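Notes follow once the structure below has been shown.
Because the structure is a prediction, the values reported are computed rather than measured.
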Amino acid sequence: MSIADVINGTGAAGAAQSSGTKKKDQLGQNEFLQLMLAQLKNQDPFKAMDPSQFLGQLAQFGTVTGIQEMQGAFTQLSDAMRSSQVLDGASMVGRDVLVPSDEVTLHEEGSVHGTLDVPTGLSSLQVNIHDASGALVRHMTLPTSSGAQDFTWDGLADDGSRAAAGDYAIEAVASLDGKSGSLEMLFSSRVNSVTIDAAAGLVLNTNDLGARPLSDVRRVM
């Protein structure tokens, strides 16, 4: 029986553990060395083990121990990061955040405020707002000056009437060198609560823009 058998629980020590006489979570270094010395003393002199086998067993033990220590370190790091996320999330509740979105919510009163990062050299820039059926409700022409540019939809349709409260699709269409494309639009929303998600990490639950991962936040206000 080799030391590897003992480590894997396939030898006499493993049988003792399975019978409940003595249980240990792992084989320590002292026990490993004692087993190695016992194996050296009790080996058949006519069938002596190759020294390379001992080295292989020692390497195997070192690998298992190293993996266990690494797993413990990663667990501690994960716990620390989770605690940090909880603290970060708590500080975000009640704050307004700026996140990208192609949908906005218009309330019965008030307006919608957004921000665009306008590149240099645009020939035109428009914001189009569509209702749930896809109909164009409002068309706004914005200045083409480069840099961060704030804009506001006052909630009015093109005919001057007040648009119905609800969700709207919104897009910014820019023209550059004769080609048209969309620009990312950023909107502000208040954080009502936060959720720690195992896959997404810290998730912000906003009042108008739904659940958003922390990575979406461009600005905290």
### Task
State the OG-CG distance between Ser180 and Leu125, to the nearest 0.5 angstrom.
11.0 Å
#### Entry: side chain to side chain donor-acceptor pair (under 3.5 Å) contacts in which one or both residues fall within residues 94-103, not counting sequence neighbours
Asp96-Arg190
### Query
Would Thr115 and Asp150 count as having a side-chain donor-acceptor pair, cut-off 3.5 Å?
yes
### Message
As an exercise, state the distance from OG1 of Thr206 to CG of Leu204, rounded to the nearest 0.5 Å.
### Response
8.0 Å
Could you list the donor-acceptor pairs under 3.5 angstrom formed between side-chain atoms of residues 127-137 and any protein atom two or more places apart in sequence or on another chain?
residue: Asn128; atom: OD1; partner: His139; partner atom: ND1; Å: 2.8
residue: His130; atom: ND1; partner: Gly134; partner atom: O; Å: 3.1
residue: Asp131; atom: OD1; partner: Ser133; partner atom: N; Å: 3.0
residue: Asp131; atom: OD1; partner: Ser133; partner atom: OG; Å: 2.7
residue: Asp131; atom: OD1; partner: Gly134; partner atom: N; Å: 3.1
residue: Asp131; atom: OD1; partner: Ala135; partner atom: N; Å: 2.9
residue: Asp131; atom: OD2; partner: Ser133; partner atom: OG; Å: 3.4

### Task
Looking only at non-hydrogen atoms, find the nearest pair between Arg162 and Asp154 and report the distance.
NH1-O, 3.0 Å
### Message
How close do Val118 and Leu122 get, counting heavy atoms only, and between which atoms?
### Response
CG1-CD1, 3.4 Å
### Summary
Taking every heavy atom of Val203 against every heavy atom of Ala211, the minimum-distance pair comes out as CG1-CB, 3.7 Å
### Task
State which residue, out of Leu209, Leu186, Leu214, fulfils the side-chain contact (heavy atoms from CB on, under 4.5 Å) condition with Val99.
Leu209
### Query
Closest heavy-atom contact between Ser182 and Glu171?
OG-OE1, 4.3 Å
### Value rounded to 0.5 Å, distance of CG in Asp167 from CD1 in Ile170
12.0 Å
### Query
Run the side-chain contact (heavy atoms from CB on, under 4.5 Å) check on Leu142 and Gln149 step by step: do they pass?
CA-CA 9 Å; Leu142 301 183; Gln149 186 175 138; 3.6 Å; yes
#### Entry: Smallest separation among heavy atoms of Val93 and Ser193, with atom names
CG2-CA, 4.1 Å
### Task
Report the distance from atom CG of Leu116 to atom CG of Leu183, rounding to the nearest 0.5 Å.
6.0 Å
### Query
Is there a path of hydrophobic side-chain contacts, each under 4.5 Å between heavy atoms of I, L, V, M, F, W or Y residues, that connects Val220 with Leu202?
yes
### Query
Which residues satisfy the side-chain contact (heavy atoms from CB on, under 4.5 Å) test with Ser111, sequence neighbours excluded?
His113, Thr152
### Query
Should Glu184 and Arg218 count as an ion pair when the cut-off is N to O under 4.0 Å?
yes
#### Entry: Same apolar cluster: Val104 and Leu98, side chain cutoff 4.5 Å
no
### Query
Shortest non-hydrogen contact from Ser188 to Met221?
CB-CE, 3.4 Å
### Message
Measuring from atom CZ of Phe187 to atom CZ of Phe151, what distance do you get when rounded to the nearest 0.5 angstrom?
### Response
4.0 Å
### Task
Would you mind reporting whether Met185 and Pro100 have side-chain heavy atoms less than 4.5 Å apart?
no
### Query
Atom CD in Glu109, atom CG in Leu106: separation rounded to 0.5 Å?
10.5 Å
